[in-house]
Structures are given as C-alpha cells and as structure tokens.
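Whatever order the structure lists them in is the order used to number ligands and atoms, beginning at 1.
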Amino acid sequence: MKIIDGKSISNQIKSEISAEVAKIIDNNGRAPHLASILVGEDPASQTYVENKAKACKKVGFVSSKYNLSAKDSENDLLETIEFLNNDQNVDGIIVQLPLPEHIDEKKIIQAVKPEKDVDGFHPINAGRMAIGLPAYISATPFGIMQLLQRSEIETKGKNCVVIGRSNIVGRPVSILMSQNADPGNATVTVCHSKTKNLQEISSNADILIVAIGKPELVNADMVKQGAVVIDVGIHRKPSTEKKSGFKLIGDVKFDEVSKKASYITPVPGGVGPMTIASLLINTLKASKKEIYPQTEHN
Ligand code: BQF
C-alpha cells in the first residue's frame, strides 16, 4: 500500500507557482490577487480561509479577506461581491461555504463574475467544465485529478465509483473521471444516500472516491483488494490527545481500508492540501486571463 502524500504534492505545485509569480514580477507584472469573503465565524470555515491566505502568502500572491457578520444581509454580501467584481486589481473571488441560512447560496454563486470565479461554482464554469470547454474547475475535483496524475495512477478503462453527488465534489469529479482525457476515461458510477446496494457497487471499484460527508462510512468490506481510495471527507473528532481538542478523520476507516488499498489518501494531508493548491492554480490562471481571454463567454 502506498500513501498518496497530498501535502508533498501540493508543496511541489506551490513551488512551481512561486517560480511563475517570480517571473511575472520580473517582467514588471502585478502579483495575482485572491479575495476571500467569510460570512460569520464558523471555526472550520475560519481555518479554511486562513489556510488559503497562508498559501497565497507562501507563493507570493496578494490576498485580502472580507469578514461579514452572520447577521449581515444577503444584500450586504451581494454588494461586497459586486465591489470585488469591479476591482481591476482583484483576480479571484471566493465566498467561503456554507453560508448562514438566510442567504441563498445559489444566488451568491451566480453573483461572482465567471472570470473571477476561481472556485468554479458559477453555472457558467460548471457548465463549461461539463462540456469540456476551458473553465475554472472547482478546487477539490481538480485537486483529486492532479493527485491521480502526479501519482501516475492509470484511470483509463478503470471502474471508478464516486460516493457522493454534491455540486462541489461528487458531481464534478464524476464528470471529470468519465471525460475523454488523461486522467479520465474511467467507467464511472455515482452512489448517494438513496443507493441501495452500496457495498456491492463500491467493492467493484478500481478507483473509489468518497465524498459523502459521513465520518468513517467506508469500511474494508466495501473496498476491493488493490483499489485506489481517495478520501475527501474531513471531520473533527473530539480528542484529548490533541491540543486543539480534536483530530481530523475522513469518510474512510483508514486503518482497515489501507490494508486492502494499493493507494490511499490520508486525512489530514491527502485531498485537503490539494484543494488549496488547485485554488492557487485557478487564481494564477485568472491573473493571466487564461480561461477567458476576452470578456465575453465564448
Ligand atoms: C489537510 C472544506 C468541507 C466544507 C467546506 C488542508 C484544508 C483541509 C485539510 C482546507 C475544505 C476542506 C475547505 C487539509 C478547504 C479543504 O491538511 O488535510 C487544507 O483548508 N480545505 C474549504 O474551504 O471549505 C470546505 C471542507
């Protein structure tokens, strides 16, 4: 069994990005700029926004943070997005999810200009990705594809089972894995909360991608000997051994599943760091206007 070291692969990507930023600066360009909006003070969300700001700093990007109160209105958030859409010095905008109940997430993701939507959540980017046009691909699915590619894992013709169908991970990664591309060309099955024979289906997977959001749902009986297992879950489990008071666990029972897997991603240090690295890649592309060279969505 090989552990896929997402932390190390993400550091490799970050050093490639740093080199590109240095070149941009040498040519009298401006450093890429990522703006993050956080509404409220959910501790996990605060950590994620902090992780992204730190990563920006590490590769030489500018980052700015806009912290709204949980009580601020949907309109306040829309105004912040509009301000950043119009700021010529901002390349990428992310709105940290989840949002408070009184804010309509669907409305918010459509307010971010597609050209600055480095999370790839806007329907223009989600749709373009689905039909194989240049697009910002949401960071976690993109990170998973990079992990497979950089670990030289063959996907062509393989049975890939995705557990989870969210707009952010399960759905887009299932599309990418089935595309005629490398990585891709897998035969993909999407399972979800209403799937009846989950164990039967998942134990047929050569590549199992788990993004269901249920702590340690996947056990050894659900995994084929030699499978590649990608664990997207991230949950805080109370622990007296950690000074933070919790440890991170995934959607997969790592100890037992790792005995059967050929490759497996750990939590932490697997998919999570790759999500951050992919966001940096998207922000660099935004600053270079790589996806949308003109302003219209042709
Ligand atoms: C690691 C996220 C659920 C809901 C909204 C590194 C991150 C996490 C783990 C991180 C995530 C998860 C992010 C590790 C961003 C990934 O070392 O294992 C980085 O910061 N993530 C997010 O922005 O929103 C989420 C998960």
Asn11 and Lys58: side chain donor to acceptor below 3.5 Å = yes

Give a yes-or-no answer on whether the side chains of Ser64 and His33 include a donor-acceptor pair shorter than 3.5 Å.
-> yes

Nearest neighbour of atom 16 (C) of ligand 1 from the list Ser36, Gly213, Ser166, Gly272, on a heavy-atom basis = Gly272

Examine distances only and state if a side-chain atom of Asp251 and a backbone atom of Val218 form a donor-acceptor pair shorter than 3.5 Å.
-> no

How close does the nearest protein non-hydrogen atom get to atom 24 (O) of ligand 1, and which residue and atom is it?
-> Gln96 NE2, 3.0 Å

Assess Lys7 for proximity to ligand 1: is some non-hydrogen atom of it under 4.0 Å away?
-> no

Output yes when the distance from some N or O of ligand 1 to some N or O of Thr47 is under 3.5 Å, and no in every other case.
-> no

Which of the atoms in ligand 1, numbered in the order shown and given with their element, are less than 4.0 Å from a heavy-atom of Lys52?
-> 22 (C), 23 (O)

Please confirm whether Ile276 comes under 4.0 Å of ligand 1, counting heavy atoms of the residue only.
-> yes

Asp42 and Tyr48 side chains, donor-acceptor separation under 3.5 Å = no

Within the structure, does Asn51 bring an N/O atom to less than 3.5 angstrom of an N/O atom in ligand 1?
-> yes

Nearest protein heavy-atom contact for atom 18 (O) of ligand 1: which residue, which atom, what distance?
-> Gly269 N, 2.8 Å

Can a salt bridge be assigned to the pair Glu152 and Lys2 using a cut-off of 4.0 Å between side-chain N and carboxylate O?
-> no

N/O of Tyr48 under 3.5 Å from N/O of ligand 1, yes or no?
-> no

salt_bridge(Glu115, Lys289) N-O dist < 4.0 Å = no

Using a strict cut-off of 4.0 Å, indicate which atoms of ligand 1 neighbour a heavy atom of Pro268.
-> 1 (C), 17 (O), 18 (O)

Just checking, is any N or O donor in the side chain of Glu16 or Gln12 under 3.5 Å from an acceptor N or O on the other one?
-> yes

With hydrophobic residues grouped by side-chain heavy-atom distances under 4.5 Å, do Ile4 and Ile276 end up in a single group?
-> no

Nearest to atom 9 (C) of ligand 1, what protein heavy atom do you find, and at what distance?
-> Ile234 CD1, 3.4 Å

